[in-house]
Each structure stands twice: as structure tokens, then as C-alpha cells.
There are 2 protein chains.
Amino acid sequence: MKFRTKVCVLGTGGQTQFGHLPDWTLERLVTTAAREALHSAGIEPSDVQAGFLGDCAGALFNRQSLTSSLLAETDPALYTLPMTRFENACASASAAVMGAATSILAGLHECVLVAGVEKMRGEGPRPDMRFVGEVLGTCAHPEDQALGGFVFPRLFARFMRAYMDRFGASEQELASVAVKNTFHAGLNPLAQLHGKSLALEDAAVASERNPYLFDGLPLKTRECCQVTDGAAALVLCSEEFARSLGQPYVTIEGFGQASDRLSLSSRDLTHAEGLHRAVRDAYSMAGIGPEQIDLAEVHDCFTIAEVLCVEALGKAEPGKGAAMAMDGETYHDRSFPVNTSGGRIGMGHPVGATGLAMLRELCLQHHGLAGGRQVRQVRNAALVNFGGPFAAVYAYVTALQRV
Amino acid sequence: MKFRTKVCVLGTGGQTQFGHLPDWTLERLVTTAAREALHSAGIEPSDVQAGFLGDCAGALFNRQSLTSSLLAETDPALYTLPMTRFENACASASAAVMGAATSILAGLHECVLVAGVEKMRGEGPRPDMRFVGEVLGTCAHPEDQALGGFVFPRLFARFMRAYMDRFGASEQELASVAVKNTFHAGLNPLAQLHGKSLALEDAAVASERNPYLFDGLPLKTRECCQVTDGAAALVLCSEEFARSLGQPYVTIEGFGQASDRLSLSSRDLTHAEGLHRAVRDAYSMAGIGPEQIDLAEVHDCFTIAEVLCVEALGKAEPGKGAAMAMDGETYHDRSFPVNTSGGRIGMGHPVGATGLAMLRELCLQHHGLAGGRQVRQVRNAALVNFGGPFAAVYAYVTALQRV
């Protein structure tokens, strides 16, 4: 496929603190991240031609639909621009990125603003896990919803069980993903678990503070993502527009989008065809393979998910991803850094913002601005963000362009 | 702007009955409309490269998010394709159309499936109006939500008051819109009010069966859209793909998307800048003006809204739209037919499907397949669909191409 331009990311975007932000409205979250993104991009608000907003469940969490209109409040220059909200579950921000990128490829716009947001924790000091489970459970198939609360932990616990049975992986190997991501969060000031630490023993062994979530299934509390308030934003543009600014910029060299059937009863739990299809398409468009990818941000909603994404990226053989994590190879200073941000387990998972926070982390790494978690060599980076049980998958390959 | 292709509509799409369909799941609604659209387009499911789904509030009405994945169930050929859900309130289907059109303009896809759905009525024989009001109210600004239930009727009642005060329009003139649209619904077998009739006196005069909804504001029950279950779908493609089939097809000659600020307190209630901007852009892209438009489908969520849209399209002077309706000029066999489908008041308003049902009506008219409501001369047609108080606006200009 030949397109009129590459899609570029200007600057390193904006991101609020990830965590518990009871005093922040959705509008404040979105506009704070968006204004920071405009500033980082080095452009004027009047350069923006359209807005794209990812939000998974603002209607249920915050009684707010039409959240795209909140993005217009970033600046008076945006008041009458086209604004569109995207929802593809936990890949809602990537759906917005894809919509924004497509508008640039089409020639509709030269420069656009993309943001993602979720405010999931409510007012109290601890999230209402039953409510959060019910809300996110609406992203599952009706038949799977009928299984009851905490639908996604149960679905991924089944993925975990199938993976362990097929490949002989251990609970300790899978738990090492959570240990590594919590460590990375300690290197990211915006991460929800910044300042926390997690020992392998405390993650791998079931205990009062780390119980099995479902009888007969291996998933434990420490292997789950956080419940998070937060927003992230980026400015995307055409290559001509990016070049005109005279600064280095990141290009999205390739992307892929695919899906899988929502209902798990129709699926082989050890293979997610949509996941592999999205990665294949992203590599094909970028014209490169796994060996040229130096780091990745992937969707660690649960430890098993990170492992499946790393394998789909071709950085570990099928069934070997858990052992690779256990060997420490996915730490920020090792052979293939994964989730240097801290990931969904350590940085946090405001579901509608996640895809953008991932892309922002890759931009920080490309520009050498990732601080204590900076990866040494960054030629190309990869991203995998998905929603539901791989029912909506997005994969990206990025690179830095020096002017 | 010069694009690689025009965006085309194949066939006349698919649409379920609009009304109360308690036994239909969201999946059945979506896939029924989608399969009919594929059949009407004369293509194979394997010709489809991506899916785009509009749904406003499935999360609140039906406890279902990630509804894009339901569209994949249309056919096994679609199981792993990219699928994306769009939500821009009552313009959600148009947001999906815009996403689909953009993907074709970008060259990402040659042929895609677009659908919209909403199931609003619940199980009982009558809709729970308090619940419906609360759900749709989430599309309003938090400050306006604080006004209480039935938010949108109240907002548009204020638009209506402002219009009547400024231009001296009468309640009778505005009510005539509802009379005409109910009449048109009688000519459309899929319309919710098919078989019903409405006399001007019964619409224009407040009564026990047609009460004022709010003290001091002129809006009455008969001037409101229906609460509806339903789905609609269309196949969009590039012009090269359309030509290869050797059948007449409809082109989207121009489109515009714009917004207005969500909060009404920041707005002049007699002028919707976003509405005018979207129409201006659509005309500009199509290279034509109001005089070449022979009919329109516009967003009559309330009688006042149809009048504002007709004026924005330049088919009536500002303040003259209500009198034009009263004069009968917007009936299907008069000078400027508006909402020949029956509109939101007569055909029904499954909010996430509405934009596609509007576009489908224009396709039926272009192909001469609109039965008893067929308009005599159809060179170009226009469409205005919006969400919220003009917070998301879409305008299209369409034409028929003979091969």
C-alpha cells in the first residue's frame, strides 16, 4: 500500500498523573493532557484541525457520553472543529489514534489532536471493585457476562490456565512480569505504583494479600492491572507538516488493526488470531521484522497478556515468553525491554487512555527523554494495545526521524 | 482538497423495522441490517475489508460496550477484520460513516461495512421515559445535566422559545413539521408511526394527550421524536470498486463535520455555528449550493431542530423555516421535500442508527425505490445529522452516478 504521507507524532505528548484523582473532572483530565501535548508539540492551538477522543466507559463510570466535546474545551480555537469519540473497550485510545492517523492519510487534515481518558475510581479511597468489574464486564460477550462479576479477570485466568497447561509454564514465571513492571513503575514519576515494590515471592505465591481470584484458576491479585484515573494526549500530523517545524519527530512506520470473536466459547484459548494478524500487518507495512524492534509497550492487563503480546511480536517463541520474563530479559536495561512505563500493572490502566499512554512512552524513549528507565538503543519500537479478549487489537511500529 | 477517490454507497443498504423489538438482541439487530446491506450491494462478505459501528448508549441501555465486535458476527469472513465503534451521541452513525469514508479516502480500504444500532425501549409495552431521559441526558454537559431529567427536550424547548421570540414563529407553524413527518411515516412501511396519523390541531394545541413538557416553554409531546429499537447499515466503497460492479451507485459528493460547545450557557440559542460550518463545508466540497439540492433528510429530534437544519441548508431564510413547513412546501411531492422517511418524529429515532437510516433514505430516493413517498426529481440530496445540542454535526451532499 502506498500512502500520501507517513503519520508523525510531534513532541512527546501529555499525560496526567495516573492514580486516584477524585477532584479531577473528565474535562480537566482531558484538557490538561491535551494542553501539555500542544505545548510539547511546539504548535499553536489554531494549527489543530480536528480532535479524536478515546473513552471506554465514561457513560457508566461518570454518567458522561459525547466526551469528544470535552476535548474541544482545550482551547477556544477548537470550539467548532470536528470532534469524534471512539470506543473499542481497553483499546479505545488506539481506536482514536487510528481514526486520527486515517484522517491524515486521507488528506482531510494535516495536524490533529488525539486524547484518551478514563476516571474509574470514584470518590472513596479504594475503588469499588464490584462496580468496576460490572462496568468493564459490559465489554464482554453477553454469554460471558452471564458468568458474573469480574468478567475479565476470569477470562484471562482461563487464558493463563490454557497457556500453562499447553506449554508447562509456571506461576512463578508469569508472576515475574508483575515484579518487573512494578520495578519499572518505580522509575516513572507518573506511574500509579511509583514508590512501591514487589518481591517475586509476594507475587508468585498465593497469600492473604495475594489470593487466587477464582477457584481452580491460577490468576492472583498481584498479576492484575490497576484501577486508574488518568488521561493522555498526543499531536499527530503529516510528514510535510512535521518537517516544517525543523525538530526530530517520531513516525508511525506501520500499523495493524484486527479483531477476534468476542465470545470465548467460539475460540481456541491458546491462540489469538486477531492479535497475530494485527502484528503481521504492522510489520508488513513498516517493512521490518522482530529483529529490528528494540523495545515494546504491550497490553499487560494481566501478566499472561504481556506474555502473549511479546510472543505475537515474535520476540519469544510460542510458549517461551513467560520464561523470557523470568530470565529478566524484558527489564529496561536488558535484551528486549517491555513496558518500561510500568505497564498497566505498574503505571496504571485508565482504560480509555491506555493506548495513548503507551504511544507516549515510546515517544519518550525515541527522544531519549525516559529518564531512569531510558533504553540504550532505540531504532524501532512496537506497541500492542487490545480491548476485550483480543476482540479489538492495534499494533504499531515506530521510529525516530532526525531532520 | 483533492482526494484519491470519491466515496460511494453501493445499493440501498439494510434496515430493520423501527419500533419496539423486545425479542431482538443488539447482535440480531446489527447483523440483520448488515446482511441486508451486503445483499443490496451485490457483493460477497469476503469483499468487506473493515467494519464501522455507530452506537450511542448500548452500555447504558443494554449493558453492552465494544459493540463493534457484534458487527463481525455478520459473517465468518468478517471475524478478524478491523472493527471500530463510534459514539457522538445521536450522530453516532454519521461518525461511523465518516470513519468509513475516511478509511476509503486514505486508501486503507476499498470496500467497508457501516452499521448503526440502538435498542432503547426495554421489555415493557411502553418505554420507561425517565430511564430514557437519564441515559440520553448523559450526552449533555454536566451543568445542563444538573437541570434534571428529560434534559434534551428541555434544551430544545429553550431553542424553540428563543426562535419563536426572535422570529415571531407560531406554535402552529412548528407543529406542522410533526404533522408532515407523521404523514410521511404512513408512506414508509419500516417507520414506527406507519399507520398513524396526526391532525394539525392535535399537534399544535396543548391537550391532555399533547401536554406542554415544561412550564413556560412551548414544546409539546407530539413535537418529540420516538423512542425506538432499530438498526441500519450500508456498504461504502471507492469509486473504482463501485464502477467495477457495473451498477448505478450513489456518491457522497461532499461532507462536513463540525461541533459546538456542549454547554448551552456558553451559547447564543438562535445560532448554531457548528451546524452552519458543517453545511458550508459539505457544499464547498461538493461544489454546489442550496439551489441544486432537491430534497433532504435532517435531524428532527424535535420540530424546532428540523426547521433550524432546513435554514442552515439555505433552503429557507433565517426565521422562515417554520412558515415554509406550515405552507406544506416540505411534503414529498412539493418544492423541497424534507424527511420523506418520516424523520425521527415519524420513522423513529434509534439514536445510534439514525445517521445511517437517513443516508439509506436518500439512497432509496436516488435509485427511485422510495415507493409512495418517491420524490420526482432527485439530482442532489442533503443530509444533516447531529448529536447533543449541535455538539457534533455531520452534513452530506449526495448524487446518483449512472455507469
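Quick caveat: nothing in here was measured; it's all calculated off a predicted structure. So that the names make sense, note that chain A is the first sequence line, chain B the second, and so on, each numbered from 1.
Ranked by heavy-atom pairs shorter than 4.5 Å toward chain B, the options A:A57, A:G387, A:G99, A:P142 are led by A:P142. Here B:C139 is the residue among B:C139, B:G274, B:A95, B:G256 with the most heavy-atom pairs under 4.5 Å with chain A. Chain B forms the most heavy-atom pairs under 4.5 Å with one residue out of A:T84, A:T25, A:L262, A:L105, and that residue is A:T84.
Of the atoms belonging to A:S69, it is side-chain heavy atoms, and not backbone ones, that fall under 4.5 Å from chain B. Interface residue B:R63: backbone and side-chain heavy atoms are both found under 4.5 Å from chain A. Heavy-atom distances place the side chain of A:Y394, and not its backbone, under 4.5 Å from chain B. Of the atoms belonging to A:A59, heavy atoms from both backbone and side chain fall under 4.5 Å from chain B. Residue B:F52 does not touch chain A at all, counting heavy-atom pairs closer than 4.5 Å. Looking at A:A140, only its backbone comes within 4.5 Å of chain B, counting heavy atoms on both sides. Of the atoms belonging to B:A392, it is side-chain heavy atoms, and not backbone ones, that fall under 4.5 Å from chain A.
Put simply, the side chain of A:L81 reaches to within 4.5 Å of the side chain of B:R277, judged on heavy atoms.
Note: B:H141 NE2 to A:E27 CD = 4.5 Å, rounded to the nearest 0.5 Å. The distance from the OG atom of B:S263 to the CG atom of A:L70 is 11.0 Å, given to the nearest 0.5 Å. Atom CG of A:L108 is separated from atom CZ of B:F255 by 4.5 Å, given to the nearest 0.5 angstrom. The CE atom of B:M83 sits 9.0 Å away from atom CD of A:Q257, with the distance rounded to the nearest 0.5 Å. Here the CG atom belonging to A:L60 is positioned 5.0 Å from the CG atom belonging to B:L60, to the nearest 0.5 angstrom. The distance from the CG atom of B:N88 to the OG1 atom of A:T67 is 8.5 Å, given to the nearest 0.5 Å.
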Practice item. Decide yes or no on side chain to side chain contact (heavy atoms under 4.5 Å, CB included) for B:R4 and A:R4, but give the supporting numbers first. Key: CA-CA 9 Å; B:R4 73 168 195 112; A:R4 76 171 191 108; over 6 Å; no

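When every heavy atom of A:E87 is checked against every heavy atom of B:R85, the shortest pair comes out as OE1-NH1, 2.6 Å. When all heavy atoms of B:Y79 and A:S259 are compared, the pair lying nearest together is O-OG, 3.1 Å.
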